[in-house]
Amino acid sequence: MTAETLLLYALACVTIALIPGPTMLLALSNGMAGGMRRAAWGIAGACLGSAAVITVVALGLGSLLAASHWLFDALRAAGVLYLAWLGLKMWRAPTTDLRAALAQAPQDEAQRGVALLRSLAVALSNPKAVFFFAAFLPQFVDARQPQAPQYALLGGVFIAIDLLVMLAYARAGTQAVRWMSQRSLRWLNRGCGAGMWLLAGALALGRRPGA
């Protein structure tokens with residue numbers, strides 16, 4: 001893989017990562033609800049999910065999902081329901097006093113685990129992510145060379161860029177809690193919830209590639 005190819009890939013990853021998606025909205029929400037500590041656990045879950053999806057694609061299992069109507073529909077239904085449920089949780093979430101939340105951080109281990117599992121579940125329950133990586137990553141893979149190291153490199157670059165963008169979203173959430181009014185924060189929570197519902201709707205209405 002040439003340096004030019006890797007640079008082009010990295011620029012494409014930055015563009016993709018900057019588009020708000022469910023894991024980005026979760027990073028923003030976690031930053032608002034529990035500060036960077038909780039957000040970091042959610043980001044870790046999202047990165048684990050992305051790594052799992054990229055591994056599935058590298059093993060060629062993306063083609064199985066493309067060929068199986070029932071498997072795609074089952075995974076999509078799970079993703080839609082989960083995003084809709086998260087949207088409801090965000091819409092109804094109370095505004096948070098971040099300073100008080102940080103003071104109680106040692107007692108918040110359960111919430112950190114919840115943040116990790118939520119982001120992991122979002123990353124794993126979206127069949128569109130499998131198709132995206134299945135279509136995107138091979139464009140930068142040299143079929144004449146061993147493919148496993150190339151997929152590992154491409155996956156690592158994507159996850160690193162995605163991680164940095166999620167950290168920025170989480171930091172924005174912590175700053176919003178510090179400087180915005182309680183009413184504004186309530187509407188920001190609801191905006192995140194509405195964003196989750198829009199993403200759930202897009203996933204529900206989307207067609208299986210090749211269908």
Side-chain angles (χ1 to χ4, degrees), residues 1-31 36 38-68 71-72 74-76 78-79 82-83 86 112-113 115-171 196 199 202-203 206 208-210:
M1 186 180 303
T2 65
E4 291 79 6
T5 299
L6 191 58
L7 178 60
L8 178 62
Y9 172 77
L11 291 174
C13 289
V14 170
T15 303
I16 294 165
L18 289 174
I19 300 173
T23 54
M24 299 301 170
L25 292 177
L26 277 175
L28 179 65
S29 178
N30 286 330
M36 291 302 295
R38 185 187 301 182
W41 283 82
I43 291 170
C47 290
L48 286 174
S50 294
V53 171
I54 291 170
T55 301
V56 164
V57 170
L59 293 174
L61 298 181
S63 58
L64 173 63
L65 187 61
S68 175
L71 183 59
F72 176 86
L75 190 56
R76 177 170 61 177
Y82 193 64
L83 289 177
L86 285 179
R112 296 177 197 174
L116 186 149
L117 292 175
R118 280 182 179 175
S119 295
L120 178 61
V122 165
L124 294 178
S125 63
N126 184 0
K128 295 292 187 180
V130 179
F131 286 115
F132 166 75
F133 283 118
F136 181 61
L137 294 182
Q139 306 302 318
F140 300 90
V141 172
D142 186 347
R144 298 168 299 179
Q145 303 295 328
Q147 295 189 21
Q150 296 182 72
Y151 273 108
L153 175 61
L154 294 174
V157 170
F158 180 88
I159 291 171
I161 291 172
D162 208 39
L163 183 150
L164 291 175
V165 175
M166 283 189 287
L167 285 173
Y169 271 81
R171 176 59 67 184
M196 284 293 188
L199 292 169
L203 181 58
R208 185 173 61 88

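As the structure is a computational prediction, the values presented were derived from the model and not from experiment. Throughout, residue positions are numbered sequentially from 1 according to the sequence presented.
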Main chain of G45, side chain of S119: is a donor-acceptor contact present, judged purely on distance under 3.5 Å?
no
Kindly say whether L26 contributes a backbone atom to a donor-acceptor pair with the side chain of N30 at under 3.5 angstrom?
yes
At what distance, to the nearest 0.5 angstrom, does CE of M36 lie from CD1 of I43?
5.5 Å
Test log, rule side chain to side chain contact (heavy atoms under 4.5 Å, CB included), inputs C47 and M166:
CA-CA 10 Å; C47 290; M166 283 189 287; 4.0 Å; yes
Y9 vs F136 aromatic rings, parallel, tilted or perpendicular, using cut-offs 30° and 60°?
parallel
Atom CG in L163, atom OG in S50: separation rounded to 0.5 Å?
10.0 Å
Any idea which heavy atoms bring Y151 and L137 closest together, and the distance?
CE2-CB, 3.8 Å
Nearest-0.5 Å distance, CG of residue L154 to CG of residue L6
7.0 Å
On a heavy-atom basis, the closest approach of A10 and I161 is O-CD1, 3.5 Å
Could you go step by step and tell me if F140 and L8 meet the side chain to side chain contact (heavy atoms under 4.5 Å, CB included) rule?
CA-CA 9 Å; F140 300 90; L8 178 62; 4.2 Å; yes
Going by heavy atoms in the side chains, are V56 and F133 under 4.5 Å from each other?
no
Looking at CG of L59 and CD1 of I54, how far apart are the two atoms once the value is rounded to the nearest 0.5 Å?
12.0 Å
Is it the case that the side chain of Q150 and the backbone of D142 share a donor-acceptor pair, with hydrogens and angles ignored and the cut-off at 3.5 Å?
yes
Atom of A39, atom of G31 and distance for their closest heavy-atom approach:
CB-N, 3.9 Å
To check you understand the geometry: which heavy-atom pair defines the closest contact between L124 and G49, and what is its length?
CD2-O, 3.9 Å
